[in-house]
Structures are given as C-alpha cells and as structure tokens.
Amino acid sequence: MTWVTVDKVAQYEDQNVELRGWIANRRSSGKIRFLHLRDGHGVIQCVVMANQVSPEAFELSDRVPYESSVIVRGTVKKEPRSPLGYEISANEVRLIAEAADYPISKKDHGVGFLMDNRHLWIRSSKQNALLKLRSVVTNAARSFFDELGFVSVEAPVLTPTACEGTTSLFEVAYFDRSAYLTQSGQLYGEAAAMALGQICVYGPTFRAEKSKTRRHLTEFWMIEPEMAFWELPETIDLAEKMICRIVEAALEKCSTQLKTLERDTASLEKAVPPFPRITYSRAVEILKEKGVEFNWGDDFGADEEAVLSQSFDKPVFVTHYPADIKAFYMKREPQNPKLALAVDLLAPEGYGEIIGGGQREDSLEMLEHRIAEHGLPREPLEWYLDLRRYGSVPHAGFGLGIERAVTWIAGIHHVRETIAFPRLMDRLYP
RNA sequence: UCCCCGAUAGCUCAAUCGGCAGAGCGGGUGGCUGUUAACCACUAGGUUGUAGGUUCGAGUCCUACUCGGGGAGCCA
C-alpha cells in the first residue's frame with residue numbers, strides 16, 4: 001500500500017492508497033460518513049460507506065473527534081463536486097490517537113483566543129498557507145543571494161551593546177555581566193563583507209520597544225545583504241531584483257496558498273521592474289499634493305507611509321532622507337551633507353516599509369564624529385571603527401523584514417500571523 | 001509610554017429604562033445513503049474578569065485593579 005500525501009493524489013487516480021493525517025471535519029448522512037482528512041499537504045474528503053468498511057471502522061467514522069490522528073486506506077476517485085477534484089472512497093479507517101475536545105471550532109473565534117492556541121491554530125488552512133508562503137519567500141531570498149555568490153554569514157544573537165543606540169534592547173544575564181539580544185546583524189555583516197566581499201545575514205532580530213501595532217513584533221527575522229565596493233544605486237537595483245524574485249516565487253509556488261488567503265494576485269503581478277525611485281524631498285511634495293500636512297525633516301509616520309505607498313501601484317524606493325532621522329552609520333550625500341545615502345522600500349497597498357538600508361559611512365573620521373554626535377559609547381564600537389582603519393572601502397547593504405514582506409504578499413492585516421510563534425509585547429505564550 | 005474599546009456557558013455573542021441570564025457553534029443522545037462551516041429533534045452546560053461602592057434590587061451605574069483587542073509613537 002502506497003502512502004501518499006493529499007497534494008499528490010491526482011497521480012493515483014483509481015488506485016488504492018494510504019493517507020495519514022488528522023480529522024479536519026466530519027459530516028454524515030444516513031449510512032454514509034464524510035471525513036475530511038488533513039495531512040499538512042492539503043485536505044481531502046474521505047467517503048465512508050457502511051457496506052464498504054468494517055462495522056468498527058464505520059462506528060469510528062461516526063464519532064471520531066476532530067483532530068484525532070488516523071490512517072485511511074481507499075481508492076482515489078475523480079470527483080467534480082470536490083474543490084480538490086478528487087476524494088477517497090475509503091475501505092479502511094484506523095485510529096492512531098483519539099483527540100480530546102478540540103478548542104478551535106468551525107465558527108468564529110477572537111484573536112486573543114486563537115493566539116492563546118497558536119500551537120493549534122497553525123493547523124487551520126489559512127495559517128497553514130501563511131507558513132508555507134513564508135517558507136517559499138525566505139527560501140527564494142536566500143537562494144537569490146546564494147546564486148549571486150553571496151556568502152551566508154550568521155551574526156551573533158548575543159551582543160555586548162546596542163548597534164544603533166536608539167531602540168531599547170532585551171537585556172540578558174551573561175555570566176557575571178549583561179548581554180543584549182541583537183537588534184540588527186548589520187554591523188557584523190559589514191565586518192563579514194570586508195572579509196568575504198558580498199555576504200548575506202539571515203537571522204532573528206529583537207526589539208524591546210513597547211510597540212503595539214500590526215507591523216511590530218518583538219522578535220522578527222531579517223535578510224541583510226552587505227556588499228563591499230558597492231554604492232547606493234546598485235544596492236537599490238539588487239533590492240529590486242530580490243523583491244521581484246520573491247514575488248515570482250510566491251506566485252509560482254504558492255498559487256493554492258494565495259487562493260486560500262483570498263489574495264488578489266493582480267496587484268502582485270504588477271511588481272515587475274522598474275520600481276519607481278523617488279527622493280525624500282519628492283515624497284514630501286507628493287504628501288503635500290495629497291493634502292497631508294508635513295514638515296521637511298520629519299520622519300514618515302504610518303499615515304504618511306500609507307499615503308505614499310498608495311500613490312504607486314508597485315513598491316516604491318524612497319532615497320536621500322535627512323541624515324538627522326537616520327542611523328549614525330549612514331554615509332552622507334557628498335553634494336549635500338544634510339542628506340543620507342539611505343533607501344527604504346515601501347510596499348504598495350498601504351503596507352509601508354519592508355526594506356531599509358543604504359550606503360555606509362566609510363571614513364574613520366566621519367564615523368567617529370557621528371558616534372560622538374549620537375552620544376554613543378565609543379569603546380564597544382572600536383571593532384567597527386577598525387573596519388575603517390584597515391582598508392576601508394565604499395560599501396552598502398539593506399535589511400528585508402521577512403514578516404512585513406510576507407504580510408504584504410499574503411495581503412493580510414497583521415504581521416503576527418506570518419510567523420509560527422509570534423512574540424509580541426504582551427505575548428510570550430505558547 | 002499615550003489614546004480608544006472590551007471582559008457574560010468550552011468558543012462567538014445577545015440580554016431594551018437598573019427588574020426571572022439567553023442563542024448559535026462545540027459536547028452528549030437519536031435521525032437521515034452525497035454532505036460541503038451539512039441538516040433535523042432532544043439534552044447537559046453559569047461565582048457575568050477581580051476588589052470595593054451606590055441601590056429594595058447590579059451583567060447593566062460609579063471607583064480601582066488585572067487581562068485582552070484596536071491604534072499611535074519608534075522601527076523592519
């Protein structure tokens with residue numbers, strides 16, 4: 001007997017197969033029982049007739065609780081009434097483990113309840129689709145860089161101090177002193193780029209900010225390429241190619257998932273090069289044209305980002321921000337030192353910033369000056385200054401926020417559903 | 001940290017002016033040979049988040065607290 005997964009049943013039409021999974025739903029009518037079997041690859045209806053299975057199997061099919069684990073054997077039948085196109089005409093149903101009363105029902109639930117049951121919620125079809133989409137997105141991004149010859153490097157999670165100083169960090173006991181969970185792999189990525197040329201850091205990032213919004217997690221994942229001898233324009237080109245690659249992969253490999261998520265893929269299909277590129281100053285003009293009150297020099301808030309991203313039907317790059325609102329390591333525009341060689345990518349449909357990056361300051365003197373200006377402690381950054389002492393080169397990079405990118409591609413409302421076990425300000429369980 | 005909203009059955013919610021705490025789903029029992037969140041009948045299920053106050057009487061009004069949701073700032 002061949003064990004097959006639900007996504008492959010079409011290859012076994014009219015053959016006898018075995019399926020292993022969990023009871024997603026159960027209905028009945030007279031002497032016929034319908035079991036919906038979920039195996040992680042899909043859901044298929046198994047039809048159990050009283051005269052085609054043992055009395056024990058029929059009795060089991062009548063009362064087996066939701067989410068019990070079972071093995072079903074039967075024939076794959078073409079069935080136009082099924083959304084899948086196929087169903088199983090069962091001749092054997094075997095219980096592996098009977099489930100207790102399952103807390104998640106077919107009806108509506110509140111977000112709080114579902115988040116408390118996140119370990120079970122991920123079994124449902126929409127959450128399942130999101131996790132698969134995330135997997136395709138991260139794999140697409142990583143193979144994109146791998147194929148370009150970028151070296152994959154891991155940055156440490158435990159760090160001695162703040163990378164950027166501004167945001168609050170999670171402090172942990174580290175033997176007889178304190179350490180902090182990283183808020184960006186970038187500084188280490190820069191060191192690695194000086195060793196390996198073009199590198200890519202993929203890892204978790206932690207922010208102890210008390211942010212309660214649909215765009216924030218306290219633990220999230222970033223892909224952060226860093227390139228020695230690269231400057232801002234080619235870095236933007238790279239980000240554009242990467243986003244296109246990710247979206248293509250999602251459309252190609254996740255069509256069923258996007259359908260489950262009821263995503264309008266037409267807007268994703270528009271994400272082809274070239275993406276519009278505007279300066280911060282131009283963005284401010286656009287805001288004013290749309291009647292948004294805004295002062296040059298301020299950073300964009302959620303409202304401004306939404307207006308800007310809705311002004312284009314593709315992702316839009318915004319460059320040349322005022323240096324004052326960007327991090328200390330940003331290189332200044334040589335023609336106008338008030339501006340930073342920074343780039344953000346705003347996703348369309350109001351999703352906002354999914355990439356932040358730019359060209360890094362490569363002058364030792366300038367960097368020392370910035371560190372003092374930002375009031376940062378110098379001693380823990382000495383190693384970072386060394387990168388400018390020993391053969392400094394122009395270099396640039398960016399960070400892609402995985403959860404925000406997946407939120408946009410999936411067309412959902414909140415980042416928390418794009419990671420299996422989200423960490424939020426008030427949520428550490430499960 | 002700030003603003004708004006909420007907490008009633010396992011879950012989602014209702015309860016009119018302050019006057020007997022209810023429905024759907026889920027559970028249980030029975031029925032139905034093609035159901036699609038199946039349907040039909042019956043049934044069990046409650047210290048109304050916690051503490052205090054007003055009142056003849058509080059799920060409902062007041063105060064504090066706890067927890068949760070939505071949003072802002074900051075950011076990816």
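In what follows, every chain begins at residue 1, and chains take the letters A, B, ... in the order their sequences are listed. Since the structure is predicted, the reported quantities are computational estimates derived from the model, not experimental observations.
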Inter-nucleotide C1' distance (B:rU12, B:rG18), Å rounded: 27 Å
Donor-acceptor pair present, A:S28 side chain and B:rC32 base, under 3.5 Å: yes
A:E234 side chain vs A:E231 backbone, donor-acceptor pair below 3.5 Å: yes
Sugar-phosphate, base or nothing in reach of A:S82, heavy atoms under 4.0 Å: nothing
A:R404 side-chain proximity, nearest of B:rA72, B:rA76, B:rC32: B:rA76
Separation of B:rC5 C1' from A:K212 NZ (nearest whole Å): 11 Å
A:E98 CD: over 12 foreign heavy atoms closer than 6.0 Å: yes
Base-paired stems that RNA chain B participates in, counting runs of 3 or more Watson-Crick or G-U pairs under 3.5 Å: B:1-7 with B:66-72, B:10-13 with B:22-25, B:27-31 with B:39-43, B:49-53 with B:61-65
Sugar-phosphate, base or nothing in reach of A:Q45, heavy atoms under 4.0 Å: base
Check: A:W121 ring centre within less than 6.0 Å of A:F113 ring centre: no
Sugar-phosphate, base or nothing in reach of A:D344, heavy atoms under 4.0 Å: nothing
Euclidean distance, atom CZ of residue A:F34 to atom P of B:rA37 [Å, nearest integer]: 13 Å
Short side-chain N/O contact to B:rG69 OP1/OP2 from A:H413, under 4.0 Å: no
Salt bridge A:D62-A:R26, side-chain N to carboxylate O under 4.0 Å: no
Comparing A:G30 and A:V415 on RNA chain B - which has the more 5′ nearest nucleotide: A:G30
Options B:rG34, B:rG26, B:rU1, nucleotide nearest the side-chain atoms of A:K210: B:rU1
Sugar-phosphate, base or nothing in reach of A:A405, heavy atoms under 4.0 Å: nothing
Side chain of A:T213 (C-beta onward), nearest among B:rA76, B:rC32, B:rC74: B:rC74
Sugar-phosphate only, base, or nothing, as touched by A:I355 at under 4.0 Å among non-hydrogen atoms: sugar-phosphate
Value in whole Å for how far the P atom of B:rG34 lies from CG of A:N25: 18 Å
B:rA76 pyrimidine/purine six-ring stacking with A:F220, under 5.5 Å and 30°: yes
Nearest-neighbour nucleotide for the A:N51 side chain, B:rG70, B:rU33, B:rC75 considered: B:rU33
Closest to the A:M49 side chain, choosing from B:rU33, B:rG70, B:rC74: B:rU33
Residue pair A:H216 / A:S211: nearest heavy atoms and the distance that separates them: CG-CB, 3.5 Å
Protein proximity profile, nucleotides 6-11 of chain B - base contact B, sugar-phosphate-only contact S, no contact -, cut-off 4.0 Å on heavy atoms: -----S
Sugar-phosphate, base or nothing in reach of A:R63, heavy atoms under 4.0 Å: nothing
Residue A:V47, side-chain atoms from C-beta onward, closest of B:rA72, B:rA76, B:rG34: B:rG34
Under 4.0 angstrom between A:R33 side-chain N/O and B:rC32 OP1 or OP2: no
Minimum-distance nucleotide (side-chain atoms of A:R215 versus B:rA76, B:rG69, B:rA72): B:rA72
Distance in angstrom units between A:M425 CE and B:rC2 P, rounded: 10 Å
Non-neighbouring partners of A:Y280 that pass ring pair (Phe, Tyr, Trp, His ring centres under 6.0 Å), sequence neighbours left out: A:W296, A:F300, A:Y321
Sugar-phosphate, base or nothing in reach of A:H216, heavy atoms under 4.0 Å: base
Sugar-phosphate, base or nothing in reach of A:R214, heavy atoms under 4.0 Å: sugar-phosphate
Check: A:T235/A:Q359 side-chain N/O donor and acceptor closer than 3.5 Å: no
Spacing between A:E79 atom CD and B:rG34 atom P, to the nearest angstrom: 13 Å
Between A:T319 and A:R277, a side-chain donor and acceptor under 3.5 Å: no
Side-chain ion pair, A:E349 and A:R263, N-O less than 4.0 Å: yes
Touch class at under 4.0 angstrom, heavy-atom based, for A:D303 against every strand present: nothing
P-based separation of B:rU8 from B:rG68 [nearest Å]: 14 Å
Side-chain donor-acceptor pair present, A:Q186, A:E226, cut-off under 3.5 Å: no
Touch class at under 4.0 angstrom, heavy-atom based, for A:E219 against every strand present: nothing
Sugar-phosphate only, base, or nothing, as touched by A:Q52 at under 4.0 Å among non-hydrogen atoms: nothing
Contact summary for A:S125 and A:T260, nearest pair of heavy atoms: O-CG2, 3.8 Å
Syn-anti status, with the boundary at 90° from 0, for the nucleotide B:rC17: syn
Along RNA chain B (nearest heavy atom to each residue), the more 5'-positioned of A:E403 and A:M115: A:M115
Expected output: side-chain A:S68 to main-chain A:A99 donor-acceptor under 3.5 Å: yes
